[in-house]
Amino acid sequence: MTQFADQKAHDGGEFFTPVSLVSLIANIIEPTSGRVLDPACGSGGMFVQSAQVVERRHENPTEKLTFYGLEKNATTIRLAKMNLAVHGLEGDIQQAITYYEDPHELLRKADFVMANPPFNVDEIDADKVKSDPRLPFGLPGVNKKGKISNGNYIWISYFYSYLNEQGRAGLVMSSQASSAGRDEAKVRQKLVDTGDVDVMVAIRSNFFYTRTVPCELWFLNRAKPETRRGKVLMIDARNTYRKVKSPARFTISLQSRNKTCWPLSGSTGARAGGISILWRDIVSVC
């Protein structure tokens, strides 16, 4: 998979997601049972890590989880199916351009959404998506060519709309999204006003195998406890890592056991690498 990442998965704003980030997402949203959707599934890493969450509970992931994926590239779909097969898993992965297609029809039906979508795409046809029911907060801005100015909030809106009333989502997103202005800021404000933005984690550059861009992890929780309504846990994890040498450069693997606080689903506690602790402020971290 890493060799595939170095050679192939870095075009059109797409990046192969390092296992350290995928594992972190899975451990925060804890997909223990139900429907798991990845609308930009690539090689299927989100599904594999979700299954491992279930296995650590001494349960069978094929009995507890149902995987749904969307991917535009036929070759990558074959890679994803192979990745699932070698881990003893199966999934309904369909070829589709997620901006315009929703073959699984999972609007408001998914228990978990996990994804690393392409960043900062500016070629989405606004006319084709303007009436899409997956955009509850409206369009994030249209340029003079009739294209969405930046596709980040198309993705974020889609992920939110797929969740059922108890659903949770974890996604990798360009760091530009949290500070974007104009129409993107209006969409972001509507999303924040729902009270369902749970956690945001700042990740430093060099996490990806083929790009140096920094990113952020967004976590949405449609069933966030009332005690946390109106609150978002902000975590600065830019200095929480260890360097791992790769063929091209030093990449990063996240340390999740020591300094940083993670939310514990459905409670007021926090999770640090599987260890439950009290949710508290940590200077310079969260």
Side chain to side chain contact (heavy atoms under 4.5 Å, CB included) assessment of R35 paired with Y68: CA-CA 7 Å; R35 296 171 172 172; Y68 297 89; 3.8 Å; yes
Any donor-acceptor pair under 3.5 Å from [X] side chain to [Y] backbone:
{"X": "S50", "Y": "P31", "answer": "no"}
{"X": "T194", "Y": "L191", "answer": "yes"}
{"X": "N27", "Y": "E30", "answer": "no"}
{"X": "N221", "Y": "R168", "answer": "no"}
{"X": "K130", "Y": "L139", "answer": "no"}
{"X": "R229", "Y": "G195", "answer": "yes"}
{"X": "E216", "Y": "A202", "answer": "no"}

Qualifying residue, where the test is side-chain contact (heavy atoms from CB on, under 4.5 Å) with F219 and the options are V201, V197, L171: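 When side-chain contact (heavy atoms from CB on, under 4.5 Å) is applied between F219 and each of V201, V197, L171, only V201 qualifies.
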Would you name the heavy atoms of [X] and [Y] that are closest together and state the gap between them?
{"X": "A185", "Y": "A180", "value": "CB-O, 3.5 Å"}
{"X": "G69", "Y": "H104", "value": "O-NE2, 3.1 Å"}
{"X": "P39", "Y": "T98", "value": "O-OG1, 2.7 Å"}
{"X": "P136", "Y": "S157", "value": "CD-O, 4.2 Å"}
{"X": "S175", "Y": "S179", "value": "O-OG, 4.1 Å"}
{"X": "I203", "Y": "A237", "value": "CD1-CB, 4.3 Å"}

Distance-only polar pair, side chains of Y162 and D102, donor-acceptor under 3.5 Å: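 The criterion, which ignores hydrogens and geometry beyond distance, is satisfied for D102 and Y162.
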Considering only distance and modelled atom types, tabulate donor-acceptor pairs under 3.5 Å from the side chains of residues 85-92, sequence neighbours left out.
{"unit_1": "H87", "atom_1": "ND1", "unit_2": "N83", "atom_2": "O", "d": "2.8"}
{"unit_1": "H87", "atom_1": "ND1", "unit_2": "N83", "atom_2": "OD1", "d": "3.4"}
{"unit_1": "D92", "atom_1": "OD1", "unit_2": "Q94", "atom_2": "NE2", "d": "3.4"}

Cluster link L233 to V172, ILVMFWY, side chain under 4.5 Å: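 Yes, one cluster joins them.
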L37 reachable from L107 in the ILVMFWY side-chain graph, under 4.5 Å edges: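 No: no chain of side-chain contacts under 4.5 Å links L107 to L37.
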Residues which pass side-chain contact (heavy atoms from CB on, under 4.5 Å) with R182, listed by chain and number, not counting sequence neighbours: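 Here no residue qualifies.
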Pairing residues for N120 by the side-chain contact (heavy atoms from CB on, under 4.5 Å) criterion, not counting sequence neighbours: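 Once residues adjacent in sequence are excluded, the partners of N120 under the side-chain contact (heavy atoms from CB on, under 4.5 Å) criterion are N150, N152, S174, Q176.
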Which residues satisfy the ring-ring contact (aromatic ring centres under 6.0 Å, His included) test with [X], sequence neighbours excluded?
{"X": "F159", "value": "W155"}
{"X": "W218", "value": "none"}
{"X": "Y153", "value": "none"}
{"X": "Y160", "value": "F137"}

Which pairs pass salt bridge (charged side-chain N to carboxylate O under 4.0 Å, His left out) with one or both residues in [range], sequence neighbours excluded?
{"range": "residues 38-56", "value": "none"}
{"range": "residues 40-54", "value": "none"}
{"range": "residues 185-194", "value": "D183-K186"}

Candidate pair I148 and V142, rule side chain to side chain contact (heavy atoms under 4.5 Å, CB included), full reasoning: CA-CA 4 Å; I148 299 298; V142 181; 4.3 Å; yes
Residues Q49, V53; criterion side chain to side chain contact (heavy atoms under 4.5 Å, CB included); working and verdict: CA-CA 7 Å; Q49 291 298 319; V53 170; 6.0 Å; no
Stepwise side chain to side chain contact (heavy atoms under 4.5 Å, CB included) check, V36 with M46: CA-CA 9 Å; V36 180; M46 298 287 183; 6.0 Å; no
How about [X] and [Y]: do any of their side-chain heavy atoms sit closer than 4.5 Å?
{"X": "D111", "Y": "S33", "result": "no"}
{"X": "Y158", "Y": "V113", "result": "no"}
{"X": "F112", "Y": "L163", "result": "no"}
{"X": "I93", "Y": "L84", "result": "yes"}

Qualifying ring-ring contact (aromatic ring centres under 6.0 Å, His included) pairs with a residue from residues 179-203, counting only residues at least two apart or across chains: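 Not a single pair qualifies under ring-ring contact (aromatic ring centres under 6.0 Å, His included).
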Where at least one partner belongs to residues 41-61, residue pairs that pass ring-ring contact (aromatic ring centres under 6.0 Å, His included), sequence neighbours excluded: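 Every pair satisfying ring-ring contact (aromatic ring centres under 6.0 Å, His included) with a residue in residues 41-61: F47-F67.
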Rounded to the nearest 0.5 Å, what's the gap from [atom1] on [X] to [atom2] on [Y]? Could you check?
{"X": "D125", "Y": "K128", "atom1": "CG", "atom2": "NZ", "result": "5.5 Å"}
{"X": "Q95", "Y": "R78", "atom1": "CD", "atom2": "CZ", "result": "9.0 Å"}
{"X": "N164", "Y": "K109", "atom1": "CG", "atom2": "NZ", "result": "11.0 Å"}
{"X": "N73", "Y": "S43", "atom1": "CG", "atom2": "OG", "result": "11.5 Å"}
{"X": "I28", "Y": "L217", "atom1": "CD1", "atom2": "CG", "result": "7.0 Å"}
{"X": "C215", "Y": "M173", "atom1": "SG", "atom2": "CE", "result": "10.0 Å"}

Atom CZ of R222: over 12 foreign heavy atoms under 6.0 Å: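 Counting neighbours around CZ of R222, more than 12 heavy atoms of other residues, nucleotides or ligands fall under 6.0 Å, so yes.
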Ion pair check, D122 and K147, cut-off under 4.0 Å: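 Salt bridge absent between D122 and K147.
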